[in-house]
Amino acid sequence: MKISNKNYLDQLNDRQSEAITHLDGPCLIVAGAGSGKTRVLTSRVVEIIKKKKAWPNQILCVTFTNKAAREMQNRIAGYLDEKILSLPWLGTFHSVSAKLLRRHAEAVGLNSRFTIIDQEDQLRLIKNICKAENIDVKKISPQFVLSFINQWKNKGLLPKNVVAKKIPLEKAILNVYKFYQERLKILNSCDFGDLILLCVNMFENNSDILDLYLNNFKYILVDEYQDSNFIQSKWLNLLAKKHNNICCVGDDDQSIYSWRGAEIKNFLDFSKIYKDTKVIKLEQNYRSTQNILSAASGLIANNNDRLGKKLWTDSKEGELVKLSCYKNGKEEAVGISDTIEQSLKKKYSLNKISILVRAIFQTREFEERFLKIGMGYRVIGGTKFYERAEVKDSLSFLRIVYQKNDDLAFERIINVPKRAIGDSTIKQLHDWGRKNKKSLEDSALELIQLNKIKPKTKLGLVKILNLFNKWRSDLKEKKHYELMEIILDESGYSKMLKEKKDLESEGRLENLKELIRGMHDFDNLQSFLEHVALATSIDQDWNGEKINLMTMHAAKGLEFDVVFLPGWEEGLFPHQKSLEEKGDLALEEERRLAYVGLTRAKKESFISFVMSRMYRGDWVESIASRFIEELPEKNVKRNELREQNVEDFIFNQDIDYDQGVRSPGWARLQKKKLKRIK
DNA sequence: AATGCAGCCATTTTT
DNA sequence: TGGCTGCATT
């Protein structure tokens, strides 16, 4: 959608116009699903620039996802009709923070070439620490430690700020956290949480740096504010202090990331923190039909904890929301694919049809079905391109070449392909590095010098270390994508894959070609590595007629003509595990997720559930999700209840939700689990 | 050090 | 169900 230069302010409704008129001072925009939120946000930016209230580089514009950032960038450029124009400070919290940190890395004890590590690397680092500290990973799982560390970081707590409870467990975890942070510094690396946290610390401890940006950022705009966590809001508050021109957009009903530390409180308390906040509610929905909107509104009305909006629409009633019950997951996939084949295909482009699931593993059944009948599909999310083993391996070579303290990269590829460097040697390096506060590469060099490595291993090690140095000098003369080819060749990595000669290895080689192709889009190694670290997924190809498969989380911000919502069963949706962890709070979040899913649909939506589902190799009997009963009856059409008595079986069971009893099958699964633990 | 097998565990969502 | 870890063998 491109709106021409002249009338970008036209066609705005009164509320939207108000949001664009009121540029100065704090402003909170409560924007319901499909109410033109992005439109308003981007128009605001254009207004600021057109009215010469600030230069493009004086506007800070933060989003939650890369996708959203890109979208905004494109729209703004479109409105201004200047393709060259870009906002240097438009990006995700993480990318903007990374940019700030690289400029002032020394202020936080890093070198500006620092590596940004992902969750996998985080976990490896924690595992290494546990090993070194003789922590029994069966008692304290690294996963568990990681979740603590990330939560602490979301709350802005470095080890010294954590007040450990008396529970020994928490003390032990805190201890790991301390080592973890220490080690990160030595590795010249930081994790996602650090990007924000270190930025805040930098501002707090260096008023000169803060002043620089306080003066520069005249206007601040924030998208999806309901998803921000404590430290992110602190980050914003610091930067907004001087000009006080901060505008946050969000929707409390679409807050679905509390498990990642998002605090809806930030959004609800905005007016308390900023005096004289202008609050604007966008309640007209431009996306969905009357029926879909009413169904979604009826559902979300079951939540207590909300600001309360009344979404309305001018559009037609449209089709009823269709509800189906299937025998099992396979039947569900067949039923849905049949529906698409028999009727929807004629009316809609496959690109505009989407299947939204609660958990990513649910896509499998659909993939199998679509492969069988030869229907095109794409999975959005799931294992991402940059997370594939071969891609991560290749990137690790680049990382260690670029930043020699990157132990995690070092460890990943030091023995790939095999170079006679086994576990015991790596342990030797670790121990040395830990004792002397050195990186693995430096440790290796020192140990070789001291002749403490076995001859055969030494041979392999020296060879690869020399290669590292050779590649480092190559980097000075050659393009980064040329270097990648050289590395894959000289390291023997390509050869290793070629010799395997199976279908999988062929695919891997293809992926590496794709990787090199992708590298051409970047000016240098630094910007490529930054992209890889923060973007994680390569741009989806939206070419070709394909059905979209993704989780409801991944669908936030998207819209489709037709949306299928399978798997509405107790235990799966709402998900048992989330309810176990947080009870009613989680239930409300699950309900918001349902709301997000349903409001993605413009024209038609199909909800379904099954009577039994294959889960972890077991058949579990299920009952319909409580959310189904919460849908207003007048907006729903029940069809295809394929077996007799299904209705009685599914709907009329007396369930005491408070007791935690859900689907009988899921309860049994739970029992089985408990038995095994005993 | 490399390979192969058996048993174990988990699966919600992601910048 | 399948991916991963740890252990035993070569």
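Throughout, a chain's letter reflects where its sequence line sits, starting with A, and its residues are numbered from 1.
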**OP:** Look at the side chain of Arg260(A) against the base of dT15(B) and say whether a donor-acceptor pair falls under 3.5 Å; ignore hydrogens and angles.
**Re:** yes
**OP:** Take Leu593(A) and Ile421(A), find for each the nucleotide of DNA chain B with the closest heavy atom, and name the residue whose nucleotide sits nearer the 5' end.
**Re:** Ile421(A)
**OP:** Could you tell me how the ring of Tyr386(A) sits relative to the ring of His531(A): parallel (under 30°), tilted (30 to 60°) or perpendicular (over 60°)?
**Re:** perpendicular
**OP:** Run the salt-bridge test on Glu71(A) and Arg75(A) with the 4.0 Å N-O cut-off and return the result as yes or no.
**Re:** yes
Original post:
Where the side chain of Ala420(A) is defined as all heavy atoms beyond and including C-beta, which of dA2(B), dT13(B), dT11(B) is the nearest nucleotide?
Top reply: dA2(B)
Subject >> dA1(B) OP1/OP2 closer than 4.0 Å to side-chain N/O of Ser424(A) >> reply: yes
Subject >> Trp259(A) CH2 - dT15(B) C1' separation (whole Å) >> reply: 9 Å
**OP:** Between dT13(B), dT15(B), dT11(B), spot the one nearest the side chain of His553(A), thanks.
**Re:** dT13(B)
Subject >> Salt bridge present between Glu588(A) and Arg306(A) (N-O < 4.0 angstrom) >> reply: no
Subject >> Distance in angstrom units between Glu387(A) CD and dG3(C) C1', rounded >> reply: 16 Å
Original post:
C1' atom, dT13(B) versus dC4(C): distance in rounded Å?
Top reply: 22 Å
Original post:
Is Phe64(A) touching bases, backbone alone, or none of the nucleic acid, heavy atoms closer than 4.0 Å?
Top reply: sugar-phosphate
Original post:
When you measure from the side chain of Ile360(A), which nucleotide among dT13(B), dT11(B), dT15(B) comes out closest?
Top reply: dT13(B)
**OP:** Figure out the CG/P separation between Asp191(A) and dT15(B), and round it to whole Å.
**Re:** 15 Å
Identify all pairs in which a protein N or O lies below 3.5 Å from an N or O of nucleotides 4-7 of chain B, and state each distance.
none

Original post:
Between Lys127(A) and dT5(C), is there a side-chain N or O to OP1/OP2 distance below 4.0 Å?
Top reply: yes
Subject >> Salt bridge flag under 4.0 Å for residues Glu570(A) and Arg626(A) >> reply: yes
Original post:
Ser255(A) side chain to Asp252(A) main-chain N or O, any donor-acceptor pair under 3.5 Å?
Top reply: no
**OP:** Report the distance from atom NZ of Lys456(A) to atom P of dA1(B), rounded to the nearest whole Å.
**Re:** 9 Å
**OP:** Please check the phosphate of dA2(B) (OP1 and OP2 only) for any side-chain N or O of Asn415(A) closer than 4.0 Å.
**Re:** yes
Original post:
Contact class for Lys418(A) vs. all strands (heavy atom < 4.0 Å): base, sugar-phosphate, or nothing?
Top reply: sugar-phosphate
**OP:** State whether Arg102(A) and Glu530(A) are salt-bridged, where the test is any N-O pair (Lys NZ or Arg NE/NH1/NH2 against Asp/Glu carboxylate O) under 4.0 Å.
**Re:** yes
Original post:
Under a 3.5 Å cut-off for both distances, is dT11(B) Watson-Crick or wobble paired, and to whom?
Top reply: none
Original post:
Could you give the CZ-to-P distance, from Arg419(A) to dA1(B), as a whole number of Å?
Top reply: 14 Å
Subject >> Glu332(A)/Arg369(A) under salt bridge (charged side-chain N to carboxylate O under 4.0 Å, His left out): CA gap, chis, key distance, verdict >> reply: CA-CA 10 Å; Glu332(A) 189 181 41; Arg369(A) 175 67 187 164; over 6 Å; no
**OP:** Figure out the OH/C1' separation between Tyr615(A) and dA10(B), and round it to whole Å.
**Re:** 8 Å
Original post:
Taking the nucleotide of DNA chain B with the closest heavy atom to each, which residue, Phe93(A) or Gly422(A), is nearer the 5' end?
Top reply: Gly422(A)
Original post:
Phosphate oxygens OP1/OP2 of dA1(B): is one of them under 4.0 Å from a side-chain N or O of Thr425(A)?
Top reply: yes
Subject >> Glu589(A)/Arg592(A) salt bridge by N-O under 4.0 Å criterion >> reply: yes
Original post:
Is the NZ or CZ atom of Arg260(A) both under 6.0 Å from the centre of the six-membered ring of Tyr257(A) and within 45° of that ring's axis?
Top reply: yes
Subject >> Integer-rounded Å distance: dT15(B) P and Leu90(A) CG >> reply: 17 Å
Original post:
Do the side-chain N or O atoms of Thr551(A) get closer than 4.0 angstrom to the phosphate oxygens (OP1, OP2) of dT14(B)?
Top reply: yes
Subject >> Presence of Arg364(A) side-chain N/O under 4.0 Å of dG2(C) phosphate oxygens OP1/OP2 >> reply: yes
**OP:** Measure the distance from CD on Gln362(A) to P on dT11(B) and round it to the nearest whole Å.
**Re:** 16 Å
**OP:** Tell me which nucleotide among dA1(B), dT14(B), dT11(B) gets nearest to the side chain of Lys454(A).
**Re:** dA1(B)
Subject >> Aromatic ring of Tyr257(A) stacked on base six-ring of dT14(B), 5.5 Å, 30° >> reply: no
